Amino acid sequence: MSLYVLWRLGLLRRGIDGVNEVLLRTAHGTSGSFQRLALALVHVADYLELTRGTRLSPGSFWIGYTIVGLFASEVLGNAAGGPTGDDAPRVAIVLYLLVLVVGLIVALLAGTSLYNRAAQKTMIRLLPEALGIMGDEIGAGHSVESAVQRVALQFGKPLSQEFSDALVKMVASGGLITIDEALSEIAQNPLYESDALDQAALTISVVRPLGGDLGELLSDLAKLLHQREATEREIRTQLAPGRQSAWSLIFIIGVLQIALSLFPLFSSLLWGTFLGRTTLIGALIMFGISIFWIIQINSQDV
């Protein structure tokens, strides 16, 4: 009932806007503990947008998380202390504090690392299409700035954010910062380290002074990136059975190692004698080295 009243009065929307403003201002403010925490909270909502396509603002996500946490803690508290139990309010408060702590831990652990990984994958996946659209725009006679603006408007994060920043720099500098310099700056971002953007920036920097067909070259580069992506998918598909077999072997060896160490018939022999302890320690070391090499072999980039 109270949520409905807040929604009808518009207070819920004002609260979401206020939280968004505070989080975004703090995340882009002076570096410090609060700035890192706010950036992690913002990245959680951005991660959901990159992976699930849900365009939730940080304020709406965390206010929704708080409301759901209140409901969950109230239900669990009543279940623990009974509908009329004296401990129910105290249990509900403890559970709600636990929900808040879990949310903060998830934000700190997953908000940055998972977001960075998702942003890099999204950039690799959407960049060929973005370059193709830029090539079509330039080939149709539009300016480079117009092509960058279309990419910024048509795509979601992180392309929209990065290309919008590039467009602002190009317009604000009055032409001093060219499109190839802006793309090179994006490509040199440690978050992306995109070879495709480096190639696009190099293509533009070489073709523009010579007066070549920039639109056609960008379209050809986009087709090349699509073909390379298809080849990488095919290679990963062919390597999938080997990776699955490797992890299955690790699981079987690990289970056998635990069984030999804990089974009474073998545990006394392995742990009770010097030769048994030496053999067990050597087996554990070799098992660890084998796991390391299997992970290294199966984690090599295509």
Side-chain angles (χ1 to χ4, degrees), residues 1-78 88-120 122-123 126 149 151-169 171-172 186 189 191-192:
M1 182 62 183
S2 58
L3 288 177
Y4 176 76
V5 173
L6 291 176
W7 175 71
R8 291 296 297 176
L9 294 177
L11 297 178
L12 190 60
R13 170 56 59 186
R14 293 181 183 178
I16 291 175
D17 294 339
V19 173
N20 283 331
E21 183 178 357
V22 171
L23 286 178
L24 294 176
R25 183 181 300 175
T26 307
H28 296 89
T30 307
S31 178
S33 300
F34 289 105
Q35 186 266 344
R36 290 192 293 270
L37 176 60
L39 190 60
L41 295 175
V42 172
H43 279 169
V44 170
D46 291 341
Y47 172 76
L48 293 177
E49 179 180 346
L50 291 176
T51 56
R52 300 292 183 266
T54 55
R55 301 209 169 188
L56 288 175
S57 64
S60 60
F61 174 81
W62 287 110
I63 287 182
Y65 177 84
T66 303
I67 294 173
V68 173
L70 282 172
F71 278 117
S73 59
E74 182 68 23
V75 172
L76 294 176
N78 290 334
R90 185 170 58 187
V91 172
I93 293 175
V94 172
L95 289 174
Y96 178 60
L97 292 177
L98 180 62
V99 169
L100 291 180
V101 172
V102 169
L104 291 177
I105 292 175
V106 169
L108 292 175
L109 295 180
T112 300
S113 60
L114 291 181
Y115 168 77
N116 292 344
R117 189 178 305 174
Q120 188 174 17
T122 304
M123 176 70 77
L126 296 180
Q149 184 179 12
V151 172
L153 294 176
Q154 183 168 342
F155 291 88
K157 293 180 180 179
L159 281 176
S160 61
Q161 183 176 357
E162 296 297 336
F163 276 74
S164 296
D165 293 341
L167 182 61
V168 169
K169 293 177 182 178
V171 175
I186 299 174
N189 189 338
L191 176 60
Y192 308 117

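All figures in this text were calculated on a predicted structure; none of them were measured in a lab.
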Closest heavy-atom pair and its distance - M123, L159: SD-CD2, 3.4 Å
S60 side chain vs S57 backbone, donor-acceptor pair below 3.5 Å: yes
Heavy-atom pair with the smallest gap, counting every atom of P158 and T122: CD-CG2, 3.7 Å
D46 CG to L41 CG distance, which is reported to the nearest 0.5 Å: 11.0 Å
Main-chain N/O of A27 paired to Q35 side chain as donor or acceptor, under 3.5 Å: yes
Worked check of side-chain contact (heavy atoms from CB on, under 4.5 Å) between V44 and W62: CA-CA 9 Å; V44 170; W62 287 110; 4.0 Å; yes
Interatomic spacing from CD in Q161 to CZ in F155 - rounded to 0.5 Å: 16.0 Å
Considering all heavy atoms, the nearest A38-L23 contact: CB-O, 3.7 Å
Worked verdict on L153 versus S160 for side-chain contact (heavy atoms from CB on, under 4.5 Å): CA-CA 6 Å; L153 294 176; S160 61; over 6 Å; no
